[in-house]
Amino acid sequence: MASGETQTSTDQQRRWLHIRKLLERSGPFCHPDFEPSPEILDFIMESCKILIVGAGGLGCELLKDLALLGFRKLHIVDMDTIELSNLNRQFLFRKNDIGLSKAKCAVEFVNKRVPGCEAIAHHCAIQDLDEGFYRQFHIVVCGLDSIVARRWLNGMLMSLLQYNDDRSLDQSSVIPLVDGGTEGFKGNARVILPGMSACIECTLDLYPPQKTFPLCTIANTPRLPEHCIEYVKVIQWAKENPWGSNTALDGDDPQHVGWVFEKAQDRAMKHGISNVTYRLTQGVLKNIIPAVASTNAAIAACCASEVFKLATSCCTSMNNYMVMNMADGVYTYTFNAEKRPDCVACSNSTRVVEIEPQATLQSIYDKLCEDPAYLMKSPGITTVINGRNKTLYMSSIKSIEERTRDNLKKKLTELGLFNGADILVADVTTPNTVTIKLKFSEYQDVEMTR
Amino acid sequence: MIKLFSLKQQKKDEEGSARAGGSQKKASAAQLRITKDLNELNLPKTCNTEFPDPDDLLNFKLIICPDEGFYRGGRFVFSFKVGPNYPHEPPKVKCETAVYHPNIDLEGNVCLNILREDWKPVLTVNSIVYGLQYLFLEPNPEDPLNKEAADELQSNRRLFEQHVQRAMRGGYVGSSYFERCLK
């Protein structure tokens, strides 16, 4: 901004001296195609657009790190507002900011503090932003605490991939995802090249399952204070409906937490269990694992340098999954997480079926069963129309078969399908649901746009 | 490894907006997986599914009519809710029919290990169906959710059987009322 432009050129030179050493000289760790040049710094500052997802513990660190590395076109998205308990580690926020948007406060702070930085805030859920929004970025880096959100983002970046006619990946459509995560003294950072290296869905098994207790234990033989809290959460809340039957338990509502705390204490007393506290109640209800500021700092720094490496090619990227454990000494290990050839998200299973525009669903169904390229047994066919799932035909489930049987007689166009539309086909003969793109034969020579 | 950014590719914006990307929204990974699970559902002859909305594969009911054991002749309805984090997290399953059963409480909570602590992403809706069916054939008094029923099953099998029958015909067992659920 203004202060950035009024800097003298010597100041400019000195400010980026260290970065320029990396970008204007070659070295043994450079990417083979790296060509040292002062233009790379210009690219970082003027063109390279980075999206930071999450403005919490990792997000604050990432925004600061990337701004100080010279990135200016930064966007940050977070739907949350600032709470008192964030302030020990989310250092871009102050006590006066409590209740305000995390994304907005973080951006305001960094733009003021780092001359030239033009970060933009988005105070909304990631799901509120569309393909056009995500497509504008060169790299996405995320510091999230939710697996659902990671999977959604992963799916979004996969859906932006373009494939050539020979089914090879169009590399210009790849938006790398750098993902960081922390839990107490443990953390991980990874680099995902959508369609090229292991994605979130490929390694879904690596996420630890949520800690749950057997229902019968919490119901009959509680031994831990957590068992008492879980009991109230899982069983007593639904039974007593303290705020009416449609009110879901909200871990952020102090009245709800208070009610659970009281009932859990009663239960603990009955079973001779001690140490049910308000804090523990809150922790169990919201699955809180205490956050450690230095874990966030280390993981975010690692992610930020991966972003820098990807953007500049001044060094080859991490390959591709780094774990860090600081619970007992400091231990890190980096390994190559492998891409699953049958991954639901990133294996390019899309195939094209050519069909007459006047064809019925029955003809597609027959083709899938009879065409030697498919030879399916009982394909279940669904699609997504205007963001809504629609079941076109599924023979294996009686109640659905009866209600979708009439669709077989209908023309594809009557069912809302169009040239270039995707249908999803599940069958015992394929390891996953397959995406099939319809290509209307009379449109052959026209480019397949909607 | 590829070099993702040559400086030539700077004009990301213009290029991006001009791309032919389909405006069709992709189905979520959870949706793709549940479609696969359901299409391959291999139900025992005692079980059936009902989909109130055929377009919504994430919410459905499973009806079990056991043909042997204590619960022979009954008709029990379970609701399945599959969340966006499937298969990382199991579906939420509740029993909608009031039943006198050691592992199912009067609110419809079901104590089945694979529905909570032993769930794994490799398991499918089919695994749960078999798990639930097994609960009716072999109620497990060691892991009780309805303690009264469990104690009775252990101490007096005949009495337990009578109570199960009474509950299925519709009536009171102890202070709890059960709606008739015979087929």
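Every chain is numbered from 1 and lettered A, B, ... according to where its sequence line falls, protein lines coming before strand lines. The model shown is predicted, which means the values in this text are computed figures rather than measured ones.
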Asks: Please flag which part of B/Glu89 lies under 4.5 Å from any non-hydrogen atom of chain A: side chain, backbone, both or neither.
Replies: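 The side chain, not the backbone.
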Asks: Return the CG to SG distance between B/Asp105 and A/Cys216, rounded to the nearest 0.5 Å.
Replies: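 Taking CG in B/Asp105 and SG in A/Cys216, the distance rounds to 11.0 Å.
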Asks: Distance from B/Asn85 atom CG to A/Leu204 atom CG, nearest 0.5 Å?
Replies: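 Going from CG on B/Asn85 over to CG on A/Leu204, the span is 7.0 Å.
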Asks: Indicate yes or no: does A/Glu201 engage B/Arg33 in a salt bridge with an N to O separation below 4.0 Å.
Replies: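 A salt bridge is absent here (no side-chain N lies under 4.0 Å from a carboxylate O).
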Asks: What part of B/Pro121 is in contact with chain A, defined as an atom under 4.5 angstrom from a non-hydrogen atom: side chain, backbone, both or neither?
Replies: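 Side chain of B/Pro121 only, per the 4.5 Å heavy-atom cut-off to chain A.
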Asks: Please look at B/Pro90 and chain A and tell me whether the side chain, the backbone, both or neither of the residue comes under 4.5 angstrom of a heavy atom of that chain.
Replies: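 Interface part for B/Pro90: neither.
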Asks: Is a side-chain N or O of B/Lys36 found less than 3.5 angstrom from the main chain of A/Thr430, in a donor-acceptor match?
Replies: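 Present.
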Asks: Counting only heavy atoms not in A/Phe29, do more than 12 sit closer than 6.0 Å to its CZ atom?
Replies: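 Atom CZ in A/Phe29 is not crowded, with 12 or fewer foreign heavy atoms closer than 6.0 Å.
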Asks: Given that the side chain runs from C-beta out, which part of A/Pro431 has a heavy atom under 4.5 Å from chain B: side chain, backbone, both or neither?
Replies: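 It is the backbone, since no side chain atom gets that close.
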Asks: Please classify the contact between B/Ser28 and chain A as side chain, backbone, both or neither, with a heavy-atom cut-off of under 4.5 Å.
Replies: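 No part of B/Ser28 comes within 4.5 Å of chain A.
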Asks: Is it true that, when you exclude B/Tyr172 itself, more than 12 heavy atoms of the residues, nucleotides or ligands shown sit nearer than 6.0 Å to its OH?
Replies: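 At most 12 heavy atoms, drawn from other residues, nucleotides or ligands, come within 6.0 Å of this atom.
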Asks: Name the member of A/Ile397, A/Thr391, A/Asp130 that forms the most heavy-atom pairs with chain B at distances under 4.5 Å.
Replies: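 Between A/Ile397, A/Thr391, A/Asp130, the count favours A/Thr391.
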Asks: What part of B/Pro102 gets within 4.5 angstrom of chain A, counting heavy atoms only: side chain, backbone, both, or neither?
Replies: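 Contact with chain A involves no heavy atom of B/Pro102 at all.
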Asks: Kindly say whether A/Ala426 contributes a backbone atom to a donor-acceptor pair with the side chain of B/Thr35 at under 3.5 angstrom?
Replies: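 It does not hold such a pair.
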Asks: Can you say whether A/Asn432 sits under 4.5 Å from chain B via the side chain, the backbone, both, or neither, judging by heavy atoms?
Replies: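 The backbone, not the side chain.
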Asks: Counting only heavy atoms from other residues, nucleotides and ligands, does the tally under 6.0 Å from CD of B/Glu148 exceed 12?
Replies: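 Open.
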Asks: Quick one: does any side-chain atom of A/Ser396 pair with a main-chain N or O of B/Asn39 as donor and acceptor, under 3.5 Å?
Replies: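 A pair under 3.5 Å: yes.
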Asks: Could you measure the distance from the CD atom of A/Glu402 to the CZ atom of B/Phe51? Nearest 0.5 Å is fine.
Replies: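 Output value for this atom pair is 12.5 Å.
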Asks: Under 6.0 Å from the CD atom of B/Gln162, do we count more than 12 heavy atoms belonging to anything else shown?
Replies: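 It does: B/Gln162 CD has more than 12 such atoms within range.
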Asks: Measure B/Asn113 against the heavy atoms of chain A and call it side chain, backbone, both or neither at under 4.5 Å.
Replies: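 Contact with chain A involves no heavy atom of B/Asn113 at all.
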Asks: Nearest 0.5 Å, what's the CD1-OG1 distance between B/Ile34 and A/Thr382?
Replies: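 The distance works out to 12.0 Å.
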Asks: How many angstroms lie between atom OG1 of A/Thr221 and atom NZ of B/Lys147, to the nearest 0.5 angstrom?
Replies: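 It is 9.0 Å, given to the nearest 0.5 Å.
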Asks: Is B/Val110 in contact with chain A via its backbone, its side chain, both, or neither, using a 4.5 Å heavy-atom distance?
Replies: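 The backbone, not the side chain.
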Asks: Closest approach of A/Arg403 and B/Asp53, non-hydrogen atoms and distance?
Replies: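 It is NH2-CA, 4.3 Å.
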Asks: A/Leu424, A/Val425, A/Asp205, A/Asp427: which one forms the most heavy-atom pairs within less than 4.5 Å of chain B?
Replies: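 Winner by heavy-atom pair count: A/Asp427.
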Asks: Out of A/Val148, A/Val344, A/Asn220, which one racks up the most heavy-atom pairs below 4.5 Å with chain B?
Replies: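 The residue among A/Val148, A/Val344, A/Asn220 with the greatest pair count is A/Asn220.
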Asks: How long is the gap from OG1 on A/Thr217 to CZ on B/Arg116, to the nearest 0.5 Å?
Replies: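 One finds 9.5 Å between OG1 of A/Thr217 and CZ of B/Arg116.
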Asks: If we only count heavy atoms from C-beta on, is the B/Leu57 to A/Ile400 side-chain gap below 4.5 Å?
Replies: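 When only atoms from C-beta onward are counted, A/Ile400 and B/Leu57 do touch, with a gap below 4.5 Å.
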Asks: Look at B/Leu38, B/Asn146, B/Leu112, B/Leu145 and state which one has the largest set of heavy-atom pairs under 4.5 Å with chain A.
Replies: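 The candidate making the most pairs under 4.5 Å is B/Leu145.
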Asks: Taking every heavy-atom pair that is under 4.5 Å apart, which of A/Pro214, A/Gly380, A/Ala345, A/Ser395 has the most such pairs with chain B?
Replies: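 Top count of heavy-atom pairs under 4.5 Å with chain B: A/Pro214.
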Asks: Is the number of heavy atoms from other residues, nucleotides or ligands under 6.0 Å of B/Gln154 CD greater than 12?
Replies: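 Counting neighbours around CD of B/Gln154, more than 12 heavy atoms of other residues, nucleotides or ligands fall under 6.0 Å, so yes.
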Asks: Counting distance only, does the side-chain N/O of A/Arg151 pair as donor-acceptor with the main-chain N or O of B/Tyr86 below 3.5 Å?
Replies: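 Indeed, once roles are kept as given, a pair shorter than 3.5 Å links the two residues.
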Asks: Quick one: which of B/Lys120, B/Glu142, B/Glu107 has the most heavy-atom pairs under 4.5 Å with chain A, could you say?
Replies: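 Of the options given, most contacts go to B/Glu107.
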